[in-house]
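Only a predicted model underlies this, so the values are computations on that prediction, with no experimental measurement involved. Read the numbers this way: they start at 1 and go in the same order the structure lists the ligands and their atoms.
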Amino acid sequence: MVSSRVKLINESATVSMSNKAAELKAQGKSIYNFGIGEPDFTTPARIIDYSYKFAREGGTHYTPSAGIMELRQKIADKMKVKNNIDISAKNVLVTPSKFSLNLALYSIIDPGDEVILPAPYYVSYTDIVKLNEGKALITQTDENYEFDFDQMKKLVSPKTKVFMLNNPVNPTGKVYSEKSLRQLSDFIIENGLYLISDEIYEDLVYKGRMFSPGSIEEMKERTITLSGFSKSYAMTGWRVGYMVASEEIIKASNKVQQQTLTCAPSVSQYAAIDALDDEDDVVSMRNIFNKRRELAISLLREIDGISFYEPEGAFYIFPGYSMNKSADDLSMELLEKENVIVTPGDPFGAAKHFRISYATSEDVISKGINNINEYFKKIKN
Ligand code: PMP
């Protein structure tokens with residue numbers, strides 16, 4: 001029998017959709033897939049070449065558990081320059097990003113401790129909290145996804161330990177302003193909480209400016225900043241990212257890493273060393289995403305029956321609708337009738353919403369959103 005801890009967590013929300021999509025593909029249908037949460041690009045060739053060279057030279061062994069020192073140092077330098085967080089290599093742990101979310105919670109919460117999540121949240125957060133025996137407290141945000149501090153004040157109890165933020169946000173594409181993040185930081189300090197700041201989409205900001213709350217002096221010790229190479233450098237399959245925190249938290253997380261993962265994959269760490277010198281590819285991929293974002297926004301605006309926040313970052317749009325239908329049913333109908341895959345909003349903490357990932361070609365965006373438009377027209381008639 002599996003443990004009660006594992007029984008509590010869910011499988012990926014998109015399994016039945018993927019099965020259905022595979023069935024339709026086997027029937028020869030073209031599927032317009034907006035379900036994918038990863039860049040469609042292949043990792044830039046120079047990064048692959050660099051990693052290959054090190055692999056050929058013998059870099060295929062265990063590395064120190066916290067990561068190769070040269071990489072930790074380079075990440076520390078990047079944090080100083082890009083995020084305005086003045087730290088040393090000792091404050092860096094190299095680990096896959098989703099694992100770092102687990103390490104962070106495992107290191108700072110005890111069973112029953114509470115974790116505040118502003119909704120809509122990244123789909124894995126609630127399950128990661130459960131897996132680490134915490135309790136998720138959901139706080140709703142307003143129509144522009146700004147924080148509701150009155151609601152948050154009412155939620156907090158002596159058991160509340162962490163506020164978990166993703167910025168830019170998956171699934172809404174929201175990028176929080178420095179002002180909002182300073183207000184959030186005041187709330188965190190006043191209530192003696194930790195902040196887990198998941199900044200994995202930090203390089204995919206098209207409007208506004210990225211601000212890292214860990215750069216605020218009084219937040220430094222209580223912020224765990226997470227980022228990685230998956231989204232910025234199209235490196236999802238390399239499984240490499242990092243956590244930046246106080247030495248105490250890094251040491252605790254490193255102990256857990258030693259007894260679980262041992263270390264991040266060596267070849268991926270070498271790739272990451274080169275990636276940090278490859279700003280050109282980040283900029284060119286961001287420009288392509290931005291063109292797709294503008295195209296998707298303009299096409300979605302033409303659809304009667306949906307409304308959405310215009311995203312400033314990441315590669316998602318999160319339309320809402322008012323008709324009386326669950327997002328699961330709507331998504332399945334979009335697939336069956338219009339060959340379009342979207343992700344239902346409920347697992348992100350938002351009913352009557354669906355997520356569109358525009359990390360796909362302009363052709364798919366045009367044809368797929370046209371089909372979504374057709375669906376809404378037919379429903380109305
Ligand atoms: N955080 C967020 C908000 C994400 O969207 C993702 C990936 N979808 C992750 C963390 C995990 O990233 P990785 O695949 O690099 O572990």
Any donor-acceptor pair under 3.5 Å linking the side-chain atoms of [Y] with those of [X]?
X: Asp203; Y: Ser232; result: yes
X: Ser65; Y: Gln257; result: no
X: Lys231; Y: Tyr201; result: yes

By side chain to side chain contact (heavy atoms under 4.5 Å, CB included) - contacts of Tyr106 (at least two apart) | Asn132, Val256

With sequence neighbours excluded, residues passing side chain to side chain contact (heavy atoms under 4.5 Å, CB included) with Thr63 = Ile68, Cys263, Ser266, Gln269

Which protein residues have a heavy atom under 4.0 Å from ligand 1?
-> Ser97, Lys98, Tyr122, Asn166, Asn170, Asp198, Ile200, Tyr201, Ser230, Lys231, Arg239

Which donor-acceptor pairs under 3.5 Å do the side chains of residues 112-122 make with protein atoms, sequence neighbours left out?
| from | atom 1 | to | atom 2 | distance (Å) |
| --- | --- | --- | --- | --- |
| Asp113 | OD2 | Asp110 | N | 2.8 |
| Glu114 | OE1 | Ser157 | OG | 3.0 |
| Glu114 | OE1 | Thr160 | OG1 | 2.7 |

